[in-house]
Amino acid sequence: MATFVLVHGAFQGGWVWREVAAILCRNKHEVHSPTFTGSGDRSHLLSQDVSLHTDIKDITNFLHFEDLSNVILVSHGYAGMVASALIQTLPHVVKKVFYLDAVIPEQGKCFLDLAGDGFGYVVKSHLHNRWLVKPWESVSFGISRPADKKWFESRLVNFPLAAFTTPFPEPFAGALLDASYIHCKEASDELTGNAVQHAKGRGWDVHELESGRLPMVTAPEDLAELLMKMGG
């Protein structure tokens with residue numbers, strides 16, 4: 001039995017892993033899907049003070065208070081920033097990390113720096129009150145089925161700009177990690193293209209998944225099977 005901690009991306013919450021978590025649990029794995037401050041069911045806590053540092057502390061505290069060890073972290077998108085910090089500060093807790101089309105950080109650079117000009121333009125066009133970023137259309141996430149689209153869009157919430165603009169706080173010791181990259185083939189962009197090359201350059205295993213940007217919604221069985229094969 002493995003212990004999976006599934007960390008969501010921007011605008012979402014732990015809820016996005018519902019189907020994947022259910023499959024993993026049916027296969028006798030322990031599964032946790034925490035939610036960042038200001039996201040999902042904690043959206044009422046969103047404020048201008050929430051940043052990357054807040055999200056790192058959220059998951060750090062979660063791992064501590066749940067008394068978890070030998071954890072397999074699965075990070076999606078933006079959460080690559082969070083997972084990378086956790087691995088370095090909690091090597092006795094985190095056994096392995098999967099980057100699911102997730103950003104691979106560089107010291108002194110923020111998510112916006114690494115995501116590319118296209119993402120920066122979209123963020124600027126969705127900025128509200130100078131510190132909130134409104135979620136964009138579900139089609140951008142590769143969701144096409146009406147039922148999935150309705151369920152997903154009804155749960156998206158605003159995300160703090162500071163999470164995207166806070167630089168990664170320390171050198172990234174990626175060479176010391178037991179890490180793998182999972183690339184969603186239908187979701188290629190500048191961020192994921194660079195991250196895949198970064199992962200290969202570090203000698204990490206790189207796996208491809210036939211899905212859009214959110215396989216936890218559109219292809220949960222395939223994603224869960226891959227996670228169990230690689231980490232369970």
Are [X] and [Y] connected, step by step, through hydrophobic side chains (Ile, Leu, Val, Met, Phe, Trp, Tyr) whose heavy atoms are closer than 4.5 Å?
{"X": "Met230", "Y": "Val94", "value": "yes"}
{"X": "Val217", "Y": "Val157", "value": "no"}
{"X": "Leu226", "Y": "Met228", "value": "yes"}
{"X": "Trp136", "Y": "Val103", "value": "yes"}
{"X": "Ile56", "Y": "Leu46", "value": "no"}

If you compare all heavy atoms of [X] against all heavy atoms of [Y], which two are closest, and at what distance to 0.1 Å?
{"X": "Lys95", "Y": "Ile72", "value": "CE-CG1, 4.1 Å"}
{"X": "Tyr99", "Y": "Ala179", "value": "CE1-CB, 4.1 Å"}
{"X": "Cys184", "Y": "Gly212", "value": "CB-O, 3.2 Å"}
{"X": "Leu223", "Y": "Pro215", "value": "CD2-CG, 4.0 Å"}
{"X": "Val206", "Y": "Ala199", "value": "CG2-CB, 4.0 Å"}
{"X": "Leu114", "Y": "Pro105", "value": "CD1-CA, 3.8 Å"}

Is any side-chain heavy atom of [Y] closer than 4.5 Å to one of [X]?
{"X": "His32", "Y": "Thr3", "result": "yes"}
{"X": "Asp49", "Y": "Thr54", "result": "no"}
{"X": "His64", "Y": "Thr60", "result": "no"}
{"X": "His53", "Y": "Lys57", "result": "no"}
{"X": "Tyr78", "Y": "Phe11", "result": "no"}
{"X": "Leu24", "Y": "Trp17", "result": "no"}
{"X": "Val50", "Y": "Ser47", "result": "yes"}
{"X": "Pro160", "Y": "Leu132", "result": "no"}

For the atom pair [atom1] ([X]) and [atom2] ([Y]), what is the distance rounded to the nearest 0.5 Å?
{"X": "Ser51", "Y": "Trp131", "atom1": "OG", "atom2": "CH2", "value": "12.0 Å"}
{"X": "Thr218", "Y": "Glu186", "atom1": "OG1", "atom2": "CD", "value": "7.5 Å"}
{"X": "Ser211", "Y": "Ile182", "atom1": "OG", "atom2": "CD1", "value": "9.5 Å"}
{"X": "Lys96", "Y": "Phe4", "atom1": "NZ", "atom2": "CZ", "value": "10.0 Å"}
{"X": "Leu6", "Y": "Leu227", "atom1": "CG", "atom2": "CG", "value": "7.5 Å"}
{"X": "Ser75", "Y": "Ile87", "atom1": "OG", "atom2": "CD1", "value": "7.0 Å"}

Judged by atom type as modelled, is there a donor-acceptor pair below 3.5 Å linking the side chain of [X] to the main-chain atoms of [Y]?
{"X": "Asn27", "Y": "Ile23", "answer": "yes"}
{"X": "Ser125", "Y": "Val122", "answer": "yes"}
{"X": "His8", "Y": "Phe36", "answer": "yes"}
{"X": "Gln12", "Y": "Ala10", "answer": "yes"}
{"X": "Asp113", "Y": "Cys110", "answer": "yes"}
{"X": "His29", "Y": "Ala2", "answer": "yes"}
{"X": "Tyr121", "Y": "Gly116", "answer": "no"}

Worked verdict on Glu30 versus Leu68 for side chain to side chain contact (heavy atoms under 4.5 Å, CB included)
CA-CA 10 Å; Glu30 181 179 350; Leu68 299 179; 3.6 Å; yes
Would you call the rings of Trp151 and Trp15 parallel, tilted or perpendicular, where under 30° means parallel and over 60° means perpendicular?
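Answer is perpendicular, since the angle exceeds 60°.
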Name the orientation class of the two ring planes belonging to Phe141 and Phe152 (parallel below 30°, tilted from 30 to 60°, perpendicular beyond 60°).
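If you compare the ring of Phe141 with that of Phe152, the planes turn out perpendicular.
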Set out, in order, the CA-CA distance, both residues' side-chain angles and the distance that settles ring pair (Phe, Tyr, Trp, His ring centres under 6.0 Å) for Phe159 and Phe164, then state yes or no.
CA-CA 9 Å; Phe159 203 66; Phe164 290 143; 5.2 Å; yes
Applying side chain to side chain contact (heavy atoms under 4.5 Å, CB included) to Glu170 and Thr89, what does each step give before you reach the verdict?
CA-CA 10 Å; Glu170 55 193 312; Thr89 58; 4.1 Å; yes
Check the pair Glu225 / Glu221 against side chain to side chain contact (heavy atoms under 4.5 Å, CB included), numbers first and verdict last.
CA-CA 6 Å; Glu225 181 179 351; Glu221 296 88 358; over 6 Å; no
Could you check whether Asp101 and Thr192, counting side-chain N and O atoms only, form a donor-acceptor pair closer than 3.5 Å?
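No, because no side-chain N or O of Thr192 sits under 3.5 Å from a partner of the opposite role on Asp101.
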Of Leu112, Leu52, Val123, the residue whose pairing with Thr165 passes side chain to side chain contact (heavy atoms under 4.5 Å, CB included):
Leu112
Hey, is NZ on Lys149 packed in by over 12 heavy atoms from elsewhere, all under 6.0 Å?
no
